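To keep things clear, I will list the structure first and then write my remarks on it.
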Amino acid sequence: MSIPEIFGSNVFSRAVMKERLPKSVYKEVVSVMENGGTLSAASADTVADAMKCWAVEKGATHYTHWFQPLTGATAEKHDSFLTSPDEMGHTLMQLSGKKLIMGEPDASSFPSGGLRATSYARGYTAWDITSPAFVKEQSCCGTVLCIPTVFVSYTGEALDTKTPLLRSMEAVSKQGIRICRLFGNTKATHLTASVGPEQEYFLVDRKLYEQRKDLIYTGRTLFGAPAPKGQELDDHYFGKIRTRVGSFMKDLNVELWKYGITATTQHNEVAPAQHEMAPIFSTANVAVDQNNLAMETMKRVAYAHDMSCLLHEKPYAGVNGSGKHNNWSLGTDTGENLFDPGDKPEENLQFQLVLACVMSAVDKHADLLRDSASNVGNDHRLGAQEAPPAIISIFLGDQLEALVEKIVDGDAPTVVPGELDTGVSTVPVLKKDATDRNRTSPFAFTGNRFEFRMVGSSDNIAGPNTALNAIMAEAFCDAADALEGAEDFETACKAYVKDLMTKHQRIVFNGDGYSEAWVEEAARRGLPNIKCMVDAIPVLTQPDVVEMFEKFGVYTKAELESREEVSYENYAKRIGVEAKVMIHMAGKQYIPSVIAYSTTLAESVAAVEAAGADASVQKELLNKVSALLKDAQAALTQLKQVYAETDAMDDIPAMAKEYRYTVIPVMDALRAPIDELEMLVDSDYWPVPSYGDLMYDV
């Protein structure tokens, strides 16, 4: 099949609906998708039957409401299309409109942060009509029709990541249209948040993966000495794709294209065995669904190629970790991108106002954005010499920074993008972009969008985009409130832009975000530097954050409190698992292996001395190994103790902080001697594959 034939073949898209639904029903569906509302019961039945017939033709026997609980993963419960047999024992394949629109999974077994007591189980899934249904072809359980849904409690609170995202999309649309109206745009009816997530990942041979308990249980290596060659030569980035990896990428593309995911970019990333896939922009909620589906598909396709796909932010120490650059933009239904500065941004007052709103939103809620990109794995990545620092700032590039300075101070020169002549007669003169790219910036303007680079590779991007949409809704609302009804709009708008940019200019930084000088400068500017997830979590229930989210109907205070509790619990549980895995591996694999090696080494020393030869080298090695073995055993004993004490705590936030500030340092203390031992002990005795094996045997 050709790409046009493959693309979207497993999606119940608008084209499929138009072909299979009566015109009146199709028109009603499109109206609800674009304008909101509820399908009539008759139309819902018609859509459900058409969807069922389409899925059955593709081999589906079951359907599921596919949703995104607060576990960080997706969830699904499969129900067959079968009806009850009649008196002759015959059954039919059926899907009603009621079952399409609403489901009832058990809500007590998912994280709720206290929103649901264990004794109260009822929760509801409800069809997200704006995100197309699709079929998953799974060798394990056949073909299943997946219906994207939200997930809420019996009392209406959001128990998922999608419900707040959809609310935030409506909020930023409503407030953004007010901005458009200020500039005479009466045709646009709504604003759309669009997202294009770049997905980084590692591949590892599955047989080697299965020999590492840390990879199996935690997704990252908890021990491991550096390989002789890492990323020092910068030769892996954009390098030749290995045959085995290329075969994986080819099959991955086909599977993603079937789902209508516009996977267009594939390449080697900086670290050995690290790669990237990037799609074209989609509407935010569709992009979220597709990215979750893409991560699941990566793992499935990798398994088919006898590999495992690692989505953890830091699978290996000493080489770059993986992120998910979240490219975000806002545009009208008439095709206007609000982040497009045009050819003359110095004359584009609407863009200047939008830019001022972005500066205000990011500066006021830098701590919230930092929290939205927080997870356990990302703590190992953010702030290192590979990823944006933990300090939020905006990179605008020379042209827009000069524009801001001119608006604020009135004396900055206008920067006009020029041309680039390579000096080669056969190469055309290149038209330069308005801005360079800054890979050290957490929030960078890249021409007509902002790239939120802090997001972790394993993260559900619903959270970061919910935050972005909400803080922009607030900034747009403030601007519209200030400017609507102004007698001299242009004068008032220019004054408002200048005031906003002056107040929030501190958030703009075009320099090296990796430098120590920036850390010092950011402190002088008063910018927050939240270094870990545990310290970021309390942001969720700060009064200004609660007020902002409640004002625009994105989260209630109770929903924010629940997410705070879930975040603390998630952190504590994940670090607790890592501690237990380290105890297991050190006690049952590393230390026994080192003892076996040192015993053999001691026997070698005795044999050499008995022969009257010089055993000084063997003795020196034995002494080093024995000393490190003693350190490892002492650290293991301490880790067992601090883990047991921490695990017994009842206060979840206190437990999470104890894991961060007491347990993790002891885990580091255990890793250090074992990693050093790996460089001394004969490889025949070492119980697990090395970093070199893991990163280069793919």
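Keep in mind the model is a prediction, meaning the values are calculated, not measured.
Taking every heavy atom of both residues into account, Ala55 and Val135 meet most closely at CB-CG1, 3.9 Å. Summarising the geometry of Cys309 relative to Lys299, their closest heavy-atom pair is O-NZ, 3.2 Å, with the distance given to 0.1 Å. Gly97 and Asp45 make their closest contact through N-OD1, 2.7 Å (heavy atoms, listed as atom of the first residue, atom of the second, distance). Taking every heavy atom of both residues into account, Gln266 and Asn253 meet most closely at OE1-ND2, 2.6 Å.
Between the OG atom of Ser329 and the CG atom of Asn337 there is a distance of 5.0 Å, given to the nearest 0.5 Å. The line from CG of Asn570 to CZ of Arg563 is 13.0 Å long, rounded to the nearest 0.5 Å. How far CG of Asp49 is from OG of Ser96: 10.0 Å, rounded to the nearest 0.5 Å. The line from CD1 of Ile394 to CZ of Phe450 is 6.0 Å long, rounded to the nearest 0.5 Å. In this structure, CG in Leu540 is found 6.5 Å from CD in Glu564, a value given to the nearest 0.5 Å. Taking CG of Asn326 as the start and CG of Asn465 as the end, the distance is 4.0 Å to the nearest 0.5 Å.
With salt bridges taken as basic N to acidic carboxylate O contacts below 4.0 Å, none links Lys58 and Glu137. Here Lys162 pairs with Asp289 in a salt bridge; the nearest charged N to carboxylate O distance falls below 4.0 Å. A salt bridge links Lys258 with Glu255: the closest approach of a Lys/Arg side-chain nitrogen to an acidic carboxylate oxygen falls below 4.0 angstrom. Between Lys551 and Glu547 there is no salt bridge, since no side-chain N of the basic residue sits under 4.0 Å from a carboxylate O of the acidic one. Salt bridge present: Glu484 and Arg178 bring a charged side-chain N and a carboxylate O closer than 4.0 Å. Salt bridge absent: Glu451 and Lys324 never bring a charged side-chain N and a carboxylate O closer than 4.0 Å. Looking at Arg370 and Asp367, no side-chain N of the basic residue comes within less than 4.0 Å of a carboxylate O on the acidic one, giving no salt bridge.
Remark: the backbone N or O of Ser458 is paired with a side-chain donor or acceptor of Glu313 at under 3.5 angstrom. No side-chain donor-acceptor contact under 3.5 Å links Ser173 to the backbone of Met169. A donor-acceptor pair is defined here as one N or O able to donate and one able to accept, closer than 3.5 Å; no such pair exists between the side chain of Glu57 and the backbone of Trp54. Looking at Gln199, its side chain does come within 3.5 Å of a backbone N or O of Ser457 through a donor-acceptor pair. Judged by distance alone, with hydrogens and angles left aside, the side-chain atoms of Ser31 form no donor-acceptor pair with the main-chain N or O of Glu28 at under 3.5 Å. Under the 3.5 Å distance criterion, the side-chain polar atoms of Asn292 are matched with a main-chain donor or acceptor of Val288. Judged by distance alone, with hydrogens and angles left aside, the side-chain atoms of Asp79 form no donor-acceptor pair with the main-chain N or O of Tyr63 at under 3.5 Å. Judged by distance alone, with hydrogens and angles left aside, the side-chain atoms of Arg181 form a donor-acceptor pair with the main-chain N or O of Ala188 at under 3.5 Å. Between the side chain of Asp333 and the main chain of Thr189, a donor-acceptor pair closer than 3.5 Å is present. Here the side chain of Ser360 pairs no donor or acceptor atom with the backbone of Cys357 at under 3.5 angstrom.
His62 is not listed as a side-chain neighbour of Leu145, based on a closest heavy-atom distance of 4.5 Å or more. Between Asn348 and Pro341 the shortest side-chain heavy-atom distance does not fall below 4.5 Å. Side-chain contact between Thr61 and Phe81 is absent, with no heavy-atom pair separated by less than 4.5 Å. Annotation: side chain of Met533 is not in contact with side chain of Asn378 (no heavy-atom distance under 4.5 Å). For the pair Tyr201 and Met298, the minimum side-chain heavy-atom distance is below 4.5 Å. Under the 4.5 Å side-chain criterion, counting only non-hydrogen atoms from C-beta, Ser282 is in contact with Gln290. The side-chain heavy atoms of Glu559 and Glu550, taken from C-beta on, include no pair separated by under 4.5 Å. In this structure, the side chains of Phe549 and Leu560 come closer than 4.5 Å at one or more pairs of heavy atoms.
By the neighbour-count criterion of 12 heavy atoms within 6.0 Å, atom CD of Glu34 is densely surrounded, having more than that number from other residues, nucleotides or ligands. Within a 6.0 Å radius of CD in Glu561, other residues, nucleotides and ligands contribute more than 12 heavy atoms. Other residues, nucleotides and ligands contribute only 12 or fewer heavy atoms inside 6.0 Å of the NZ atom of Lys99. Environment of CZ in Arg449: crowded, with over 12 heavy atoms of neighbouring residues, nucleotides or ligands closer than 6.0 Å. In the displayed structure, Tyr303 atom OH is contacted under 6.0 Å by at most 12 heavy atoms of other residues, nucleotides or ligands. Around the NZ atom of Lys573, the shell of radius 6.0 Å holds no more than 12 heavy atoms that belong to other residues, nucleotides or ligands.
Ring geometry for Phe110 versus Phe67: interplanar angle over 60°, hence perpendicular rather than tilted (30 to 60°). Using cut-offs of 30° and 60° for the angle between ring planes, the Phe134 and Tyr259 rings count as perpendicular. Aromatic ring pairs are classed by plane angle as parallel below 30°, tilted from 30° to 60° and perpendicular above 60°; the pair Trp328 and Phe443 is tilted.
A donor-acceptor pair shorter than 3.5 Å cannot be found between the side chains of Thr46 and Ser43. A donor atom on one side chain and an acceptor atom on the other are found under 3.5 Å apart for Thr332 and Thr334. One side chain, Asn460 or Thr161, offers a donor N or O that lies under 3.5 Å from an acceptor on the other. Using modelled atom types and a 3.5 Å distance limit, the side chains of Asn285 and Thr130 yield a donor-acceptor pair. If you check the side chains of His65 and Thr149, you find no donor sitting under 3.5 Å from an acceptor. With no hydrogens or angles considered, no side-chain donor-acceptor pair links Glu170 and Gln175 at under 3.5 Å. For the residue pair Ser567 and Glu565, no side-chain donor N or O sits within less than 3.5 Å of a side-chain acceptor on the partner. Using modelled atom types and a 3.5 Å distance limit, the side chains of Asp371 and Ser374 yield no donor-acceptor pair.
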Practice task
Take Asp160 and Thr163 through the side-chain hydrogen bond (donor to acceptor under 3.5 Å, both in side chains) test and state the conclusion after the steps.
Solution key: CA-CA 6 Å; Asp160 65 343; Thr163 302; 2.8 Å; yes
Practice task
Evaluate side-chain hydrogen bond (donor to acceptor under 3.5 Å, both in side chains) for Thr155 paired with Glu157, printing each intermediate quantity in order.
Solution key: CA-CA 6 Å; Thr155 48; Glu157 296 95 349; 2.4 Å; yes
Practice task
Evaluate ring pair (Phe, Tyr, Trp, His ring centres under 6.0 Å) for Phe489 paired with Phe183, printing each intermediate quantity in order.
Solution key: CA-CA 9 Å; Phe489 170 72; Phe183 292 90; 5.2 Å; yes
Exercise for the section: List the steps and the verdict of ring pair (Phe, Tyr, Trp, His ring centres under 6.0 Å) for Phe151 and Tyr124. Expected result: CA-CA 6 Å; Phe151 178 42; Tyr124 296 115; 9.5 Å; no
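Under the 6.0 Å cut-off for aromatic ring centres, Phe7 and Trp257 do not qualify, their centroids lying 6.0 Å or more apart.
Take Lys23 and apply the side chain to side chain contact (heavy atoms under 4.5 Å, CB included) test, not counting sequence neighbours, and it matches no residue.
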